[in-house]
Amino acid sequence: TTKKKLIAGNWKMNGSLAANEALVKALQQGLAAAPANCGIALCAPAPYFAQLQSLLAGSSAMALGAQDISAHPQGAFTGEHSAVMLKDFGVRYAIVGHSERRQYHGETDEAVAAKAAAALANGITPIVCVGETLAEREAGRTEEVVKRQLAAVIHVNGHCISEIVVAYEPVWAIGTGKTATPEQAQAVHAVLRAQLHHAASEHAAGICILYGGSMNAANAAQLLAQPDIDGGLIGGASLKAPDFLQIISAAS
Ligand code: 3PY
């Protein structure tokens with residue numbers, strides 16, 4: 001396909017002023033020019049948005065992303081960050097519903113859908129994460145689970161879903177070093193594509209469905225060669241410039 005791919009780094013709770021600067025400069029040096037057919041996003045911890053906004057200024061290759069976003073516009077929500085605040089720092093993407101948020105912070109499908117809505121309402125592209133646990137996969141429930149998770153977002157966001165990015169992240173492959181095989185990943189991506197097609201037929205082909213879950217420099221090319229894998233949401237490998245650059249070049 002000629003659709004532009006997307007490679008998004010999910011730094012999780014990692015980084016420091018010094019490490020971020022070194023990483024961004026190494027990435028900028030490695031990217032002689034912005035790849036024409038691959039967008040790049042860095043989803044960083046919120047305290048570093050100001051630093052990253054200034055490091056990324058003047059180079060259009062990499063966009064800034066958040067790892068979460070509040071469903072609420074402002075007010076008494078201690079610890080949260082609104083879409084408008086993110087926009088103040090030039091944030092273009094926000095991960096919503098990462099399995100770590102679902103697991104450790106009790107985020108429900110409804111909460112994730114509301115966060116996606118807040119992002120969309122403010123011109124931020126939500127990267128909506130779905131994925132089954134090992135127990136769910138072994139019980140043959142993978143399809144049911146990912147469809148339920150995506151359906152919640154489609155239900156709340158209706159026609160806007162042409163503006164979302166979807167990320168399939170099997171929970172058993174996150175931070176474990178285990179990766180879905182390209183065939184396993186493609187099978188789930190095809191299910192998600194069909195669901196998007198049903199909801200927004202004219203836009204489904206253009207929606208990026210990323211694979212996440214221990215995608216790295218060694219396995220990226222094979223995963224990205226699958227027809228319905230339109231990019232990656234990269235964990236640990238996004239913190240190492242040579243690895244992240246290799247993944248970007250596999251997508252370009
Ligand atoms: C991983 O690859 O571990 C991720 O969770 C990416 O979001």
Side-chain angles (χ1 to χ4, degrees), residues 5-15 20 23 27 38-46 48 52 62-69 86 91-107 111-112 115-116 119 124-134 136-137 142 145-146 149-150 153 164-182 184-186 188-189 192 208-224 226 229-248 250-251:
K5 289 195 160 52
L6 175 65
I7 298 295
N10 175 10
W11 290 4
K12 307 194 180 182
M13 197 170 72
N14 294 292
N20 301 345
L23 177 56
L27 293 174
C38 178
I40 304 165
L42 306 178
C43 300
Y48 297 120
L52 291 165
M62 294 183 282
L64 186 54
Q67 298 172 13
D68 186 26
I69 188 170
L86 302 191
V91 168
R92 304 243 316 272
Y93 295 89
I95 298 172
V96 299
H98 191 279
S99 69
E100 288 154 12
R101 305 265 346 148
R102 294 180 190 261
Q103 230 176 310
Y104 307 142
H105 302 271
E107 289 191 10
V112 172
K115 289 178 176 204
I124 292 174
T125 300
I127 301 175
V128 178
C129 299
V130 302
E132 81 288 3
T133 63
L134 184 58
E136 288 163 342
R137 172 162 286 261
T142 297
V145 168
V146 298
Q149 292 172 332
L150 183 56
V153 172
I164 72 175
V165 168
V166 177
Y168 170 54
E169 300 210 310
V171 177
W172 47 271
I174 290 178
T176 59
K178 283 189 199 146
T179 316
T181 65
Q184 281 176 322
Q186 167 57 29
V188 177
H189 281 233
L192 296 169
C208 274
I209 308 179
L210 314 182
Y211 173 77
S214 301
M215 189 190 268
N216 58 41
N219 61 27
Q222 258 196 315
L223 287 158
L224 292 165
Q226 300 297 312
I229 300 185
D230 307 312
L233 183 56
I234 319 299
S238 72
L239 297 169
K240 297 173 226 148
D243 298 57
F244 196 57
L245 287 166
Q246 211 173 315
I247 296 169
I248 291 163

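Being a predicted model, the structure only gives us computed values, none of them experimental. Just follow the structure's listing: the first ligand is 1, and inside any ligand the first atom is 1.
At a threshold of 4.5 Å between non-hydrogen side-chain atoms, the residues Ile69 and Pro126 do not count as touching.
Note that the SG atom of Cys38 and the NZ atom of Lys5 stand 8.5 Å from one another [nearest 0.5 Å]. Expressed to the nearest 0.5 Å, how far CD of Gln67 lies from CD1 of Ile127 amounts to 10.5 Å.
Annotation: Gln226, atom CD; neighbour count of heavy atoms from other residues, nucleotides and ligands within 6.0 Å is above 12. In the displayed structure, Arg92 atom CZ is contacted under 6.0 Å by at most 12 heavy atoms of other residues, nucleotides or ligands.
With sequence neighbours left out, Glu132 forms a side-chain hydrogen bond (donor to acceptor under 3.5 Å, both in side chains) with Arg137, Tyr168, Trp172.
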Which N/O atoms of ligand 1 sit under 3.5 Å from a protein N/O, and at what distances?
unit_1: ligand 1; atom_1: 2 (O); unit_2: Gly213; atom_2: N; d: 3.4
unit_1: ligand 1; atom_1: 2 (O); unit_2: Ser214; atom_2: N; d: 3.0
unit_1: ligand 1; atom_1: 2 (O); unit_2: Gly235; atom_2: N; d: 3.4
unit_1: ligand 1; atom_1: 3 (O); unit_2: Lys12; atom_2: NZ; d: 3.1
unit_1: ligand 1; atom_1: 3 (O); unit_2: Gly175; atom_2: N; d: 3.2
unit_1: ligand 1; atom_1: 5 (O); unit_2: Lys12; atom_2: NZ; d: 2.9
unit_1: ligand 1; atom_1: 5 (O); unit_2: His98; atom_2: NE2; d: 2.9
unit_1: ligand 1; atom_1: 7 (O); unit_2: Asn10; atom_2: ND2; d: 3.1
unit_1: ligand 1; atom_1: 7 (O); unit_2: His98; atom_2: NE2; d: 3.1
unit_1: ligand 1; atom_1: 7 (O); unit_2: Glu169; atom_2: OE1; d: 3.3
unit_1: ligand 1; atom_1: 7 (O); unit_2: Glu169; atom_2: OE2; d: 2.8

